[in-house]
Undergrad: 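Take a look at the following structure, please.
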Amino acid sequence: MGFYIGIDGGGTGTKISLADETYCLKEQFSAGAFNLNGQSREQARETIRSIFRTLKEKGYRVEECAGAGIGMAGISNPEAGRFLHNAFREEGFVGRMELFGDHQTALAAVWPECHGIVLIAGTGSICYGTDGMGLEVRSGGWGHIIGDEGSAYAIGRDILRAVVRAFDGRDEQTVLSEAVHHKLGVGNIEEIVQYVYAPERSKKEIAAFATLLEPAAKAGDKKAQEIERRCADSLAQLFAAVRTKMPEERNVALAGSVLEKNERIRELTVERMCKKAEDDNGNKGLQIRVSGNDASIGALRLLHQREGVNHG
């Protein structure tokens, strides 16, 4: 019996959803990190090998896999596509492969129709929309140096900036200072600076400071609340730039750690999104959902949709 797999590749882990020949979900499992932007090719190959090993252990014949939908960041790079096709063929895969951006699979995971707008604020940020008729619009997603406004990275950077400004006396004191010192287990500002500028420091490690924001804001810290508002404003701007080009679209998905886990920022962002829709006279009742399914479900749905287009 044929089957299909949807894969959501990430920097810390990978989710796999498996469906039967009618695209009915049968089971899900996990694998290691699978991110071609932050991994060596050999590490990615090992994750691919582990996926197919698990399939075999579960009793599935690789040659009966009729199709694979793969979603991850950086998938548009032609070299990434060639690598994935070759690596899958080496494991005995002979089915159809479709590649999707992680923003596409995040949207499809929330909306089975696979159209709408998705606002993502994780380590980075992006807003993406499609009407299902070929129109695709995006805003943001330009990386942490020139973009990623409203992301966990931006929040982490702003927290650290607030700490050093408070230390200098250029800005008001903030409970974020104590929170950062406690998180790093350091006693002075110099050690914080050394941590930030260490050559091995990654943007994910800076983004990890974002979890300090909500407790500080709830405690009434003015600087934390200012960062919250700036984050919500930035995310609402990303959304507005997309919806202006597709004003009839009502389906809106919220995804990424900032919007899924930080309730205060989520509420502020939704408030601003709805206000913008009203100002444009285009608010016919936004249908806003917070992501619940993992994006491997979205990869399966998009694979199914592509199959209909290719064989319809």
Side-chain angles (χ1 to χ4, degrees), residues 5-17 33-39 44 47-48 67-85 87-88 96-144 146-153 203-204 235 238-239 241-243 245-246 249 251-260 291 293-307 309-310:
I5 55 173
I7 299 175
D8 172 35
T12 57
T14 300
K15 298 290 184 64
I16 300 94
S17 290
F34 190 23
N35 184 341
L36 298 180
N37 282 341
Q39 274 187 309
T47 297
I48 292 170
I70 304 173
M72 66 173 65
I75 205 76
S76 60
N77 185 332
E79 290 186 9
R82 285 191 290 269
F83 166 79
L84 290 170
H85 278 90
F88 272 61
R96 183 170 53 88
M97 179 184 292
E98 297 285 354
L99 307 179
F100 309 104
D102 54 355
H103 52 287
Q104 295 174 298
T105 54
L107 174 62
V110 177
W111 294 102
E113 303 93 335
C114 299
H115 70 80
I117 298 172
V118 61
L119 177 61
I120 304 175
T123 302
S125 63
I126 186 173
C127 189
Y128 165 80
T130 177
D131 63 358
M133 302 295 289
L135 174 66
E136 292 186 280
V137 182
R138 64 170 280 175
S139 175
W142 306 121
H144 68 291
I146 59 175
D148 284 349
E149 300 89 346
S151 68
Y153 175 86
K203 63 181 182 181
K204 289 184 179 180
L235 294 176
L238 289 175
F239 167 76
V242 170
R243 192 165 189 271
K245 298 175 182 177
M246 44 194 317
E249 189 54 64
N251 294 346
V252 181
L254 304 179
S257 59
V258 174
L259 289 169
E260 291 179 35
S291 181
N293 294 333
D294 71 65
S296 64
I297 294 288
L300 267 180
R301 287 173 174 167
L302 289 169
L303 179 67
H304 191 191
Q305 184 186 70
R306 288 276 180 91
E307 184 175 52
V309 170
N310 293 338

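On a predicted model such as this, the values are computed, not experimentally measured, just so you know.
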Undergrad: Could you check whether any side-chain heavy atom of Ile48 comes within less than 4.5 Å of a side-chain heavy atom of Phe88, counting everything from C-beta outward?
TA: yes

Undergrad: Nearest heavy-atom pair of Ala109 and Ala295: which atoms, and what distance?
TA: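 Scanning both residues, the minimum pair turns out to be CB-CA, 4.0 Å.
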
Undergrad: Provide the closest heavy-atom pair for Ser17 versus Ile297 in the form atom of the first, atom of the second, distance.
TA: OG-CD1, 3.6 Å

Undergrad: To the nearest 0.5 Å, how far apart are CD in Glu113 and CD in Gln305?
TA: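 Those atoms lie 10.5 Å apart.
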
Undergrad: Run Phe239 and Val252 through side-chain contact (heavy atoms from CB on, under 4.5 Å) and show every step you take.
TA: CA-CA 9 Å; Phe239 167 76; Val252 181; 3.9 Å; yes

Undergrad: Can a donor-acceptor pair be found, under 3.5 Å and without considering hydrogens, that links the side chain of Gln104 to the backbone of Phe100?
TA: no

Undergrad: Of all the heavy-atom pairs spanning Glu260 and Ser291, show the shortest one and how long it is.
TA: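 Answer, listing the atom of Glu260 first, then Ser291: OE2-CB, 3.7 Å.
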
Undergrad: Using modelled atom types only, decide if a donor and an acceptor are shared between the side chain of Ser151 and the backbone of Thr123 within a distance under 3.5 Å.
TA: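 Yes, Ser151 side chain to Thr123 backbone: donor-acceptor pair under 3.5 Å.
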
Undergrad: State, with a plain yes or no, whether a side-chain heavy atom of Thr14 is found less than 4.5 Å away from one of Thr47.
TA: yes

Undergrad: For Arg301 and Cys114, indicate whether the former's side chain and the latter's backbone hold a donor-acceptor pair under 3.5 Å.
TA: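 No; judged by distance alone, with no hydrogens or angles, the pair does not exist.
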
Undergrad: Could you check whether any side-chain N or O of Ser125 sits under 3.5 Å from a backbone N or O of Ile120, counting only pairs where one atom can act as donor and the other as acceptor?
TA: no

Undergrad: How long is the span from the CG atom in Leu235 to the CD1 atom in Ile126, to the nearest 0.5 Å?
TA: 12.5 Å

Undergrad: Gly150 and Ala121: which non-hydrogen atoms are nearest, and at how many Å?
TA: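 Where Gly150 meets Ala121 most closely, the heavy atoms are O-CB, 3.8 Å.
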
Undergrad: CG of Leu238 to CG of Asp148: how many Å apart, nearest 0.5 Å?
TA: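 Rounded to the nearest 0.5 Å, the CG-CG separation comes to 9.5 Å.
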
Undergrad: Tell me whether Asp294 contacts the main-chain N or O of Lys15 through its side chain, where contact means a donor paired with an acceptor under 3.5 Å.
TA: no

Undergrad: Backbone N or O of Ala241 within a donor-acceptor pair of the Ser139 side chain at under 3.5 Å?
TA: no

Undergrad: Measuring from Leu107:CG to Ile117:CD1, what's the distance to the nearest 0.5 Å?
TA: 9.0 Å

Undergrad: Measure the spacing between NE2 of His115 and OG1 of Thr130 and express it to the nearest 0.5 Å.
TA: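 Rounded to the nearest 0.5 Å, the NE2-OG1 separation comes to 8.5 Å.
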
Undergrad: Before giving the answer on side-chain contact (heavy atoms from CB on, under 4.5 Å), spell out for Phe34 and Leu84 the whole-Å C-alpha distance, their side-chain angles and the decisive distance to 0.1 Å.
TA: CA-CA 11 Å; Phe34 190 23; Leu84 290 170; 3.5 Å; yes

Undergrad: Quick one: do Met72 and Asp102 satisfy side-chain contact (heavy atoms from CB on, under 4.5 Å)? Show the steps, please.
TA: CA-CA 5 Å; Met72 66 173 65; Asp102 54 355; 5.6 Å; no

Undergrad: Locate the shortest heavy-atom distance separating Met133 from Asp131; write the atom from each residue and the value.
TA: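 Minimum heavy-atom separation between Met133 and Asp131: N-OD1, 2.8 Å.
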
Undergrad: How far apart are the C-alpha atoms of Glu249 and Val242, what are their side-chain angles, what is the distance that settles it, and do they pass the side-chain contact (heavy atoms from CB on, under 4.5 Å) test?
TA: CA-CA 10 Å; Glu249 189 54 64; Val242 170; over 6 Å; no

Undergrad: With rounding to the nearest 0.5 angstrom, report the CG to CD1 distance, Leu99 to Ile7.
TA: 10.0 Å

Undergrad: Can you tell if the side chain of Ser296 reaches within under 4.5 Å of the side chain of Ile16, non-hydrogen atoms only?
TA: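 Result no, sub-4.5 Å side-chain heavy-atom pair not found.
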
Undergrad: What closest approach, in Å, do Ala299 and Gly69 show between heavy atoms, and which atom pair accounts for it?
TA: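 Result for this residue pair: CB-O, 3.5 Å.
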
Undergrad: Hey, does the side chain of Arg138 reach the backbone of Gly141 with a donor-acceptor pair shorter than 3.5 angstrom?
TA: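 Answer holds: yes.
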
Undergrad: Just by modelled atom types, is the Gly81 backbone N or O under 3.5 Å from a matching donor or acceptor in the His85 side chain?
TA: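 Yes, because the side chain of His85 sits within donor-acceptor range (under 3.5 Å) of the backbone of Gly81.
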
